[in-house]
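Report on one structure; see the data block that follows.
Per chain, numbering begins at 1; letters A, B, ... match sequence-line order.
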Amino acid sequence: MSRLLQTPFLPSVSLPTKTRSSVTGFRVKPRIIPIQAKIREIFMPALSSTMTEGKIVSWVKSEGDKLNKGESVVVVESDKADMDVETFYDGYLAAIMVEEGGVAPVGSAIALLAETEDEIADAKAKASGGGGDSKAPPPASPPTATVVAPVAVEKKIAAPPVAIKAVAASAVHPASEGGKRIVASPYAKKLAKELNVELAGLVGSGPMGRIVAKDVEAVAAGGGVQAAVAVKEVVAVPGVELGSVVPFTTMQGAVSRNMVESLAVPTFRVGYTISTDALDALYKKIKSKGVTMTALLAKATALALAKHPVVNSSCRDGNSFVYNSSINVAVAVAIDGGLITPVLQNADKVDIYSLSRKWKELVDKARAKQLQPQEYNTGTFTLSNLGMFGVDRFDAILPPGTGAIMAVGASQPSVVATKDGRIGMKNQMQVNVTADHRVIYGADLAQFLQTLASIIEDPKDLTF
Amino acid sequence: MQSALSISFSQTSLPLANRPLCSSNAAPSTTPRNLRFCGLRREAFGFSPSKQLTSCRFQIQSRRIEVSAAASSSAGNGAPSKSFDYDLIIIGAGVGGHGAALHAVEKGLKTAIIEGDVVGGTCVNRGCVPSKALLAVSGRMRELQNEHHMKAFGLQVSAAGYDRQGVADHASNLATKIRNNLTNSMKALGVDILTGFGAVLGPQKVKYGDNIITGKDIIIATGSVPFVPKGIEVDGKTVITSDHALKLESVPDWIAIVGSGYIGLEFSDVYTALGSEVTFIEALDQLMPGFDPEISKLAQRVLINPRKIDYHTGVFASKITPAKDGKPVMIELIDAKTKEPKDTLEVDAALIATGRAPFTNGLGLENINVVTQRGFIPVDERMRVIDGNGKLVPHLYCIGDANGKMMLAHAASAQGISVVEQVTGRDHVLNHHSIPAACFTHPEISMVGLTEPQAKEKAEKEGFKVSIAKTSFKANTKALAENEGEGLAKMIYRPDNGEILGVHIFGLHAADLIHEASNAIALGTRIQDIKLAVHAHPTLSEVVDELFKAAKVDSPASVTAQSVKVAV
């Protein structure tokens, strides 16, 4: 009775000839896409919804074997189970591109299937033509239009070093033998592999300088803020090889992930035009004391945030949100080969002169790539300013884990009608705030911007 | 009646009292009818639910009848033979000793149990019982933290947290409760609980504290203590054994667990659920070496890989120093084969779960010329102690961890019951292959009988064929309703006669599911018969049902099973 009621997954009895049968007994059909008339690629199938890469446990068939439709060719280990992969086509297993024990991403070619015996040689040539290393087969042929480059996991970890690498010397774990050994917690190692972050050279914030999960996350998140104003980076560097396919660096990979992640956050934007005449005047007055425009803007923003704590909040799990206890204004800075967001901590409390000095120090450190994780990953609100390029308005993407980001355009002289019915000239800048609508609503932003405008238009509070 | 007969015989002090005295009457059957697997079966004696009460009452009555047949009965405990203080003295009041004591009273023996520490032994105080309390917490934490899982149910839970002391209290309260139940159950039956460390002075003579008592038969059930390899300094704070870990005095950020057997695995489940990160150190080349390879592979995918756990295999922890002077716990790893230094770890804590060592020191074994083997007391298949010359020591038995046959609480209890059966005149050999084992991770792992490689080796030697049947929890309605489809059940059997050689289960409530298989093995039930039995739908038990049904057995069902089918 119960059997009749159950799903079609019937229990299997393992066949005597096949010692390694799949766990549940059902088979997964591989995706086989024809690329030439007679030579087909066998792809790493997606065996589960969460599978991103698969390990070849064993090749059931060897090169040159004749395959019949429906026969098992290879046993693949996914994140869940070992499964037999069978072929959809008759033919010959011409070339194995990923050896046993090798790992390949889902969708990448792991072998070639020739229709006739004569084509085996062609297929072999094709397989070896792209790359000598059997573990790193060539990119897929044009018709598939996907760039596939199965690489062993070890190779991935050894991806190009991240921008923060140079920090190594400043704080090393006492037991790490001068930085040669990496001391990282188990989860940090796991995350680093997942997020493609290189641990070597990373400074740990855990006990005795141990690298813990949040350090790895910080590196990955550093890329996220960077992408918020990634526009800056589009300028083509002379000397790049046009038409070449360039794999993401670790940082670019992190940016990419963060940007995709940001799509899960329902954001909206509110803009405001603020007159800056008073601010400009103040800036001129105290510029000689080392005060920078960035510090002034950060300070003004922080003071406005202090009156509207909800704009300084963040929602991480979709169930609750945090009113952040301190106002840490992150400011995006373009640096060589990337971008980073040094954080002005407690910007509402620190006076403008100290804040300016701090900012200078942070920028110098950023250029020297010596920022500590807490100096670039603790921001609660982000400022991005493209005004210096003459950009009058733009739109920023919200970095995951924060509530809002403000895009600041250039301050430009504009003709405005004043309240007394005259026409006058005023310096005006446009700001545009992107916020997480799960926690921050339109009225919140409007009030925040109104406060910010009044602070900037009457900036006496900025200097205390 | 049988036991009554044996008592009257025993009064004549036959030198070979543990041999079947009247084989025609005692009818030693190959089927271990009285086999019980859990020594705690009557821990709730006296205040158990009504259903259990009836059965208990029945047992008391039957015992009384036996006792009165033996004449000169005292209140509850049996009357000793004239020349001895007791019929049976048990050294060690753990689960093994407790199981033996209860059965002995049931058989009309005057019984004493000696305990130098607390009643309940390792299992109740520092083992199975408190660890189940911690695992119950970790299971719930895991569920509440698994947002994806909760969402699939349509449930919303906001940030789950825990109070360490509250968790620790739950474990210690449970241990106290079970210990009291155990003590009360023995007191209620009139077992004399003697306090002090017991030692064997000579044949049938035992010392505890300053007292000397005599007993016709003696059972050593002194159990075991955590084994700590040399080079490892245990301070009880940062370098700990399971004894300390169960008190849960801290939840370290990063804990290394040395050994990936049952104990290590269960603790990794607890610690990771409470937020720790774990590093396993395993001397063998793969994790979970004691399990069926297929099960351990799957278990690694579910219990290790997705969690905050990494591991070093093929290495020994040659030196572990506790944290002090601001330094972390230092662990030196050497290659298990070449002994060359491999790595150094510095972690917040280390749990030593490298197995357990028998607790047999100071037992006075030299008085009776018994030489231990790595601390274990050598015994034959009937748990009779073997002395240094390879001869049986009369009237002396050893059960449980101290003999090392199968270091499980319920195995000790089963061995104790087996011994009592023997001393009351019924020959009995315990079939260890029918004793199940379980690891209470989330999900659980359970097993009985042989692993696949063991079965294949045996098959090759004895010339029979072996088949494997497997079912997945993915196909089970109840498991899917719980959103817990991850799991596998596997049966190793003989296709020619339908004998079950081993069953291994990894999945939701695996520990509860194994008993259908272990009972079948114990009773010699064949697959072709048990496959006709009916299981309620939808229940997890159908996973095992599917196993039986998936098996391809050549011999037809026996006649009795056919009639069972008709009756159903």
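Both the backbone and the side chain of Ser185(A) come within less than 4.5 Å of a heavy atom of chain B. For Val466(B), no part lies under 4.5 angstrom from a heavy atom of chain A.
Shortest non-hydrogen contact noted between Pro186(A) and Val278(B) is CG-O, 3.3 Å. Taking every heavy atom of both residues into account, Lys190(A) and Ile309(B) meet most closely at NZ-O, 2.8 Å. Asn319(A) approaches Val157(B) most closely through the heavy-atom pair ND2-O, 3.8 Å.
For the pair Lys193(A) and Asp310(B), the salt-bridge criterion is not met [side-chain N within less than 4.0 Å of a carboxylate O].
Taking CZ of Arg210(A) as the start and CG of Asp348(B) as the end, the distance is 4.0 Å to the nearest 0.5 Å. From Lys308(B), atom NZ reaches atom CG of Leu191(A) across 8.0 Å, with rounding to the nearest 0.5 Å.
Residue Lys319(B) places its NZ atom among 12 or fewer non-hydrogen atoms of other residues, nucleotides or ligands, all under 6.0 Å distant. Under a cut-off of 6.0 angstrom, the local environment of CZ in Arg316(A) is sparse, with at most 12 non-hydrogen atoms contributed by other residues, nucleotides or ligands. Heavy-atom neighbours of Phe153(B) CZ from other residues, nucleotides or ligands within 6.0 Å: above the threshold of 12.
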